[in-house]
Amino acid sequence: MAGQRRTVVLPVPESDGLRFEPRENDLGIDLNRQYRHLETAETRAHIAWLERQPQFDLCFCLHEDWESHGFLRLRLNPENRPSRAEAMVARIAAVCPIDPSEIIEDRPARNGIIRPNLNPATRPQWAEAFYLIVNKTRLSYTLEAPSDFPLTTRVNALVAGVNAALAT
């Protein structure tokens, strides 16, 4: 029906990472850096599933970051569509501190927001977000809760960010 929103949730494509080490499968491979060359069975299966899906209007990748000093988010928006980033950070800040760092993952950041101006084709490895921005959507948000914060805080922060984006 026209006007209906379809929501797709894909829980933890890296289930081995939960058992062994964050982001790595049982062979020690960081699955969230395999989306350009498709070296692992897990990533190939995820891509095969994604290829069967329609284009997405908006994508969220919900993560944790063990290096973070607070909540952060990465925005990929190659067409400079209206951003929901500031509204998301404001809502998240009510439940979780925002990473104040001016440089995050070797990129300029402000108020916990990384806005990379980059061409994914120039990157040797792709995270899931880069695959999605090239193949499935033109607006993607990666939200990263700090791993050392309490689970309730991390979950509430991720929920607040998604709700803020969907409300605007």
Side-chain angles (χ1 to χ4, degrees), residues 10 12-14 16-18 20-25 28-40 43 46 56 58-168:
L10 179 65
V12 193
E14 305 166 358
D16 283 339
L18 290 177
F20 300 106
E21 284 292 323
R23 294 172 35 171
E24 295 179 352
N25 67 5
I29 298 171
D30 181 346
L31 296 177
N32 199 31
R33 295 296 180 266
Q34 300 298 308
Y35 283 84
R36 183 164 189 184
H37 300 296
L38 308 180
E39 298 168 357
T40 64
T43 306
H46 186 205
F56 305 138
L58 173 63
C59 173
F60 297 102
C61 295
L62 307 179
H63 291 243
E64 289 190 3
D65 186 338
W66 60 273
E67 300 172 304
S68 178
H69 304 291
F71 200 94
L72 62 98
R73 50 163 312 291
L74 168 72
R75 178 193 75 161
L76 295 174
N77 186 3
E79 295 169 359
N80 292 316
R81 292 167 54 184
S83 176
R84 299 168 172 118
E86 284 73 20
M88 293 167 71
V89 167
R91 186 90 58 94
I92 292 164
V95 296
C96 181
I98 303 299
D99 190 330
S101 304
E102 293 181 8
I103 301 292
I104 299 174
E105 297 179 4
D106 299 323
R107 303 200 187 298
R110 195 171 80 193
N111 299 325
I113 301 171
I114 306 169
R115 292 181 173 100
N117 258 342
L118 55 88
N119 177 353
T122 65
R123 296 183 62 95
Q125 297 178 321
W126 283 4
E128 176 187 19
F130 292 118
Y131 174 84
L132 291 166
I133 205 72
V134 168
N135 295 287
K136 297 306 285 184
T137 187
R138 300 309 289 159
L139 182 59
S140 175
Y141 295 103
T142 299
L143 286 72
E144 297 196 6
S147 298
D148 59 348
F149 282 45
L151 178 61
T152 302
T153 302
R154 298 187 319 255
V155 170
N156 288 341
L158 292 168
V159 168
V162 170
N163 284 339
L166 296 176
T168 55

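- Residues R73 and A85 approach most closely at NH1-CB, 3.5 Å, considering heavy atoms.
- Taken from CG in D148 to NE2 in H69, the straight-line distance is 9.5 Å, to the nearest 0.5 Å.
- The main-chain N or O of A121 is found under 3.5 Å from a side-chain atom of N119 such that the two form a donor-acceptor pair.
- Partner of Y35 under the side-chain hydrogen bond (donor to acceptor under 3.5 Å, both in side chains) criterion, chosen from Q125, E128, H46: H46.
- Under the 4.5 Å side-chain criterion, counting only non-hydrogen atoms from C-beta, S68 is not in contact with F149.
- Closest heavy-atom contact between P146 and G70: CG-C, 3.8 Å.
- Interatomic distance, CG of L62 versus CG of L158, reported as 5.5 Å (0.5 Å rounding).
- Looking at heavy atoms from C-beta onward, R91 lies in side-chain contact with N163 at the 4.5 angstrom threshold.
- Taking SG from C61 and CG from N32, the interatomic distance works out to 7.5 Å, rounded to the nearest 0.5 Å.
- Rounding to the nearest 0.5 angstrom, the gap separating the OG1 atom in T43 from the CZ atom in R36 is 15.0 Å.
- Side chains of N77 and R115 form no contact here, defined as non-hydrogen atoms less than 4.5 Å apart.
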Practice prompt. Give the intermediate values and the outcome of side-chain contact (heavy atoms from CB on, under 4.5 Å) for residues I29 and Q34.
Written response: CA-CA 9 Å; I29 298 171; Q34 300 298 308; 3.5 Å; yes
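- V95 approaches A157 most closely through the heavy-atom pair CG2-CA, 3.6 Å.
- Inter-residue side-chain proximity for T142 and I114 is flagged as unmet; no heavy-atom pair is nearer than 4.5 Å.
- Heavy-atom minimum distance, L58 versus T137: N-OG1, 3.8 Å.
- Using a 4.5 Å cut-off on side-chain heavy atoms (C-beta onward), R138 and P78 make contact.
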Practice prompt. Using the side-chain contact (heavy atoms from CB on, under 4.5 Å) rule, take R154 and L151 through it: C-alpha gap first, then chi angles, then the decisive distance, then the call.
Written response: CA-CA 5 Å; R154 298 187 319 255; L151 178 61; 3.3 Å; yes
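- Around atom CZ of R110, no more than 12 heavy atoms belonging to other residues, nucleotides or ligands sit under 6.0 Å away.
- In this structure, CZ in F60 is found 8.0 Å from CG in L139, a value given to the nearest 0.5 Å.
- Within the 4.5 Å cutoff, no side-chain heavy atoms of E144 are placed close to those of L74.
- Across all non-hydrogen atoms, the minimal contact from I104 to L72 is CG2-CD2, 3.9 Å.
- Here the side chains of S83 and Y141 are in contact, with some heavy-atom distance below 4.5 Å.
- L143 places a side-chain heavy atom less than 4.5 Å from the side chain of F71.
- Distance check: F130 CZ to R123 CZ gives 4.0 Å after rounding to the nearest 0.5 Å.
- Among all heavy-atom pairs drawn from C59 and L132, the shortest one is SG-CD1, 3.3 Å.
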